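Residue indices begin at 1 and follow the sequence shown. All heavy atoms count here, side chains included; hydrogens, waters and symmetry mates do not. Values in this document were obtained by computation on a predicted structure and should not be read as measured data.
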Amino acid sequence: MTSVNSALQHMTKLQSQTAAVQDRIATGLKVGSASDNGTVWARAQVMRADNDSRRSALNSIDLGAGVVETALAAAEGISDLMVEMHGKLVAATDTTLDEQSWRSLMTDFIVLGNQATRLAENASFNDSNLLESGGDDLSVLIGKDPGNTLAIAAEDLTDGGGIFDAGLAANLPQADASIIVTQPTTADVTAFESSMTDVTSAVSRLGVGLKSLEIQKELLVKQMDVTSAGIGNLVDADLGRESAKLQALQVREQLGMQALEVANRSPRVILSFFQ
């Protein structure tokens with residue numbers, strides 16, 4: 001009976017090992033729960049939580065990039081309009097022009113200025129506008145920690161907001177050159193050119209902000225990939241090795257069954273001698 005019990009215990013152990021290997025093959029995990037390896041499972045959970053936080057940051061970056069891209073496109077449009085406005089303003093300073101001619105040029109100047117203002121006022125994405133008067137700075141989550149943010153400053157590009165200044169802030173909404181009392185001068189051109197420089201700087205800042213978001217997104221994706229690979233190294237099963245182990249266990253089970261049959265026959269053989 002001792003040999004039979006020993007064979008049964010061996011078979012039970014083999015069946016338990018086989019079931020465990022089959023489970024690892026079925027799930028693809030060598031650590032599927034804390035009962036498999038509490039320390040490794042806990043570490044993997046922390047890493048999974050980090051990646052979930054990074055996914056939230058990626059969503060924040062995508063939304064932030066949309067806001068900045070919209071503002072940048074509008075700001076570039078304003079800069080292009082200012083180039084046209086500059087040409088009109090310079091032409092209007094020509095003292096050889098009659099009043100009707102320079103007023104016609106200034107009418108075009110004002111119309112272009114209105115278009116620039118509308119671009120700034122309509123540069124909204126997800127209810128955020130970096131170019132409108134009183135617009136809020138943008139704070140974007142760029143990492144797994146709540147305090148890891150990137151700030152992108154608002155750029156007020158409405159006329160008279162301190163960056164874009166056509167010199168005619170009170171007149172632009174009316175689009176009426178007749179209210180201009182005097183012909184523009186070289187000083188007006190110089191002031192407008194200073195505003196053009198300010199707008200160009202604002203466009204540059206927005207471009208740098210957008211590039212920073214793109215860089216942070218690339219970093220986050222890389223961190224997520226590395227973390228996912230790390231989790232896999234901790235908990236994923238080596239399916240090739242597990243398959244080989246399963247085959248070996250199945251062979252051992254077959255041999256164990258044969259050993260159990262032999263052990264069961266032995267007492268009967270001994271008893272036959274007394275018959």
Side-chain angles (χ1 to χ4, degrees), residues 28-29 31-32 40-83 115-159 161-165 195-236:
L29 299 173
V31 181
V40 170
W41 180 85
R43 180 56 188 159
Q45 286 294 87
V46 171
M47 295 169 73
R48 291 187 183 102
D50 286 345
N51 264 3
D52 282 343
S53 296
R54 291 187 180 103
R55 289 187 188 92
S56 297
L58 280 178
N59 291 335
S60 179
I61 289 176
D62 286 339
L63 288 174
V67 174
V68 180
E69 284 177 353
T70 302
L72 182 58
E76 289 174 343
I78 291 170
S79 181
D80 291 341
L81 287 170
M82 290 186 79
V83 172
Q115 292 178 13
T117 294
R118 282 194 291 272
L119 278 176
E121 292 173 345
N122 294 328
S124 294
F125 179 88
N126 195 37
D127 294 329
S128 294
N129 188 337
L130 294 177
L131 305 186
E132 66 182 350
S133 178
D136 295 325
D137 294 345
L138 187 65
S139 180
V140 182
L141 181 66
I142 58 172
K144 66 182 181 65
D145 299 319
N148 194 358
T149 59
L150 176 67
I152 298 176
E155 307 281 356
D156 185 354
L157 294 189
T158 56
D159 184 41
I163 300 176
F164 170 55
D165 189 356
S195 179
M196 290 179 70
T197 299
D198 291 342
V199 169
T200 300
S201 297
V203 173
S204 178
R205 288 191 293 270
L206 289 170
V208 170
L210 181 58
K211 184 63 177 178
S212 297
L213 289 177
E214 291 172 350
I215 292 172
Q216 291 297 329
K217 181 175 181 178
E218 290 176 3
L219 176 60
L220 270 180
V221 171
K222 183 64 176 178
Q223 289 174 330
M224 290 177 66
D225 289 344
V226 171
T227 301
S228 294
I231 294 171
N233 290 336
L234 288 174
V235 304
D236 287 352

Pair up each side-chain donor or acceptor in residues 130-152 with any protein partner under 3.5 Å, not counting sequence neighbours, and list the distances.
from: Asp137; atom 1: OD1; to: Ala154; atom 2: N; distance (Å): 2.8

**Study point:** Stepwise side-chain contact (heavy atoms from CB on, under 4.5 Å) test for Met196 and Val83
**Key:** CA-CA 8 Å; Met196 290 179 70; Val83 172; 4.2 Å; yes
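- Shown here for Val199 and Ala75, the closest heavy-atom pair between the two residues is CG1-O, 4.5 Å.
- Scanning both residues, Ala74 and Leu119, for their nearest heavy atoms gives CB-O, 3.7 Å.
- For Val226, the side-chain contact (heavy atoms from CB on, under 4.5 Å) partners at least two apart in sequence or on another chain are Lys222.
- For the atom pair Glu76 CD and Leu206 CG, the distance stands at 9.0 Å (nearest 0.5 Å).
- Between the Ser201 side chain and the Thr197 main chain, a donor and an acceptor come within less than 3.5 Å of each other.
- Asp52 is linked by a salt bridge (Lys or Arg N to Asp or Glu O under 4.0 Å) to Arg55, counting only residues two or more places apart in sequence or in another chain.
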Return all side-chain donor-acceptor pairs below 3.5 angstrom for residues 211-220, not counting sequence neighbours, or 'none' if the list is empty.
from: Ser212; atom 1: OG; to: Val208; atom 2: O; distance (Å): 2.9
from: Lys217; atom 1: NZ; to: Asp62; atom 2: OD1; distance (Å): 2.9

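- Side chain of Ser60 to backbone of Ser56: no donor-acceptor contact under 3.5 angstrom is found.
- The minimum heavy-atom distance between Leu63 and Phe125, with the atom names listed, is O-CE2, 3.7 Å.
- A donor-acceptor pair is defined here as one N or O able to donate and one able to accept, closer than 3.5 Å; such a pair exists between the side chain of Thr70 and the backbone of Gly66.
- The side-chain contact (heavy atoms from CB on, under 4.5 Å) search around Ala116 returns Ile78, Leu81, Phe164, not counting sequence neighbours.
- The salt bridge (Lys or Arg N to Asp or Glu O under 4.0 Å) test applied to Arg43 returns no partner, not counting sequence neighbours.
- Under the side-chain hydrogen bond (donor to acceptor under 3.5 Å, both in side chains) criterion, Asn51 pairs with Arg54, Ser228, not counting sequence neighbours.
- Pairing each heavy atom of Ile163 with each of Ala202, the nearest pair is CG2-CB, 4.2 Å.
- Listed by chain and number, the residues in a side-chain contact (heavy atoms from CB on, under 4.5 Å) with Arg118 are Asn114, Gln115, Asn122 (sequence neighbours excluded).
- Under the side-chain contact (heavy atoms from CB on, under 4.5 Å) criterion, Glu69 pairs with Leu210, sequence neighbours left out.
- The shortest non-hydrogen separation linking Asn129 to Glu121 is ND2-O, 3.2 Å.
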